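Each remark here refers to the structure printed beneath this line.
Reckoned from all heavy atoms, side chains included, excluding hydrogens, waters and symmetry mates. Order of the sequence lines fixes the chain letters, A, B, ..., with proteins taken first and strands second; residue numbering starts at 1 for each chain. Please read all numbers here as calculations on a predicted model, not as lab measurements.
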Protein chains: 2
Amino acid sequence: MGLAKTEMFTDKQNQIAVFAKVFGHPARVAILQHLFKTDSCFCGNLVDEIGLAQPTISQHLKELKYLGLIKGNVEGTSVCYCIDKENWTAMKEVMSDFLDQDLPADDDCC
Amino acid sequence: MGLAKTEMFTDKQNQIAVFAKVFGHPARVAILQHLFKTDSCFCGNLVDEIGLAQPTISQHLKELKYLGLIKGNVEGTSVCYCIDKENWTAMKEVMSDFLDQDLPADDDCC
DNA sequence: ATAATTTATCGTAATATTGCGATAAACAAA
DNA sequence: TTTGTTTATCGCAATATTACGATAAATTAT
């Protein structure tokens, strides 16, 4: 069906999945890493840096922006993107809760 | 196209994306959380706990196992699953490198 | 006003994911 | 051996994602 039955999961579980999903494509990982490395940069630079077509990069940027992980600032004809620090920190909190769960003691079944 | 052009990204970027992708579905998040909570449990319990059909759960377990995040142990007719601690820790390392990047100073563009 | 530059959106083809019924496989119990 | 129990696999339908050419929109420069 290709459709996640989100209504049967907790808000937290869905939230983790939504964040994880956006990191589930190497282009978006590369975009974010580049924004971290350069502090901020224009859409066009990302098109050059990553080897995908401009509409494709624009689409990935849109998803990152929709989740609030990046912000875009219009400057003339170009748009400058950067990490949304506040939301990135909030996202990390959610993901850490999930990833840093206590590992069970050594008496498990496997 | 629905096909990520993995060859244009670094191994690290692809690795992050592959891990993130498996967390990109709430059912798999729920499965992992349940395994953490119960230390280990049978496939059937997961079918009861999460409200999806048995083949669907089996498929999600297969993906988690393929990435090495869980292990399965046959016990009679049932299979006992648990977190693979070593691989989970290795995965956390990879994800932390990405998530815990230094936030740029407050002089960004946006 | 016209042309150039940059980014966003639309439309669409190719591929991937999700969910589950049907069924097979593996084992235990009677 | 037959029956029940549990999990895995197959096959398929429905939906989602990815990529990009074409084009629109917005702005600047001439």
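- When each of A:His25 and A:Thr77 is assigned the nucleotide of DNA chain D bearing its nearest heavy atom, the one mapping closer to the 5' terminus is A:His25.
- Residue A:Leu61 is classed as having no contact, given no heavy-atom separation below 4.0 Å to the nucleic acid.
- The two residues B:Leu61 and B:Cys43 have their closest heavy-atom pair at CD1-SG, 3.8 Å.
- The nearest whole Å value for the distance from the CD atom in B:Glu63 to the C1' atom in C:dT17 is 8 Å.
- Residues A:Val47 and A:Leu52 form no side-chain contact, since every pair of their non-hydrogen atoms from C-beta on lies 4.5 Å or further apart.
- The NZ atom of A:Lys62 sits 13 Å away from the P atom of D:dT17 (whole-angstrom rounding).
- The base of C:dA8 is not paired with the side chain of A:Gln59 by any donor and acceptor separated by under 3.5 Å.
- As a whole-Å value, the separation of B:Leu46 CG from D:dA8 P is 10 Å.
- Taking the six-membered ring wherever Trp is involved, the centroid distance between the rings of A:Phe23 and B:Phe98 falls below 6.0 Å.
- Rounded to an integer number of Å, the gap from CG of A:Asn45 to P of C:dT5 is 16 Å.
- Atom CG of B:Asn73 is separated from atom P of D:dT6 by 17 Å (rounded to the nearest Å).
- Residue-environment remark: CD (A:Glu93) stays at or below the threshold of 12 foreign heavy atoms within 6.0 Å.
- In this structure the side chain of B:Phe19 never reaches within 4.5 angstrom of the side chain of A:Leu99, judged on heavy atoms.
- Residue-level contact check: A:Ser58 touches the bases, meaning some heavy atom is under 4.0 Å from a base atom.
- Checked against D:dC20, D:dA26, C:dA22, the side chain of B:Pro55 finds its nearest nucleotide in C:dA22.
- No engagement by A:Lys65 is indicated, since no non-hydrogen atom pair under 4.0 Å with the nucleic acid exists.
- When heavy atoms are screened at a 4.0 angstrom cut-off, B:Thr56 is found touching base atoms of the nucleic acid.
- Contact check, A:His60 against D:dA19: a side-chain N or O comes under 4.0 Å of OP1 or OP2.
- In this structure, A:Lys21 atom NZ and D:dT15 atom P are separated by 15 Å, rounded to whole Å.
- Distance from the side chain of B:Gln54 is smallest to D:dT7 among C:dA8, D:dT7, C:dG19.
- When heavy atoms are screened at a 4.0 angstrom cut-off, A:Ile57 is found touching no nucleic acid atom at all.
- In this entry the distance linking CZ of B:Phe42 with P of C:dA28 reads 13 Å, nearest Å.
- Each of D:dA19, C:dA16, D:dT7 was ranked by its minimum atom distance to the side chain of B:Tyr81; first place goes to D:dT7.
- Comparing D:dT28, D:dT7, C:dC20 by their nearest atom to the side chain of B:Ser78 picks out D:dT7.
- Distance, A:Glu75 CD to D:dA29 C1': 18 Å, rounded to whole Å.
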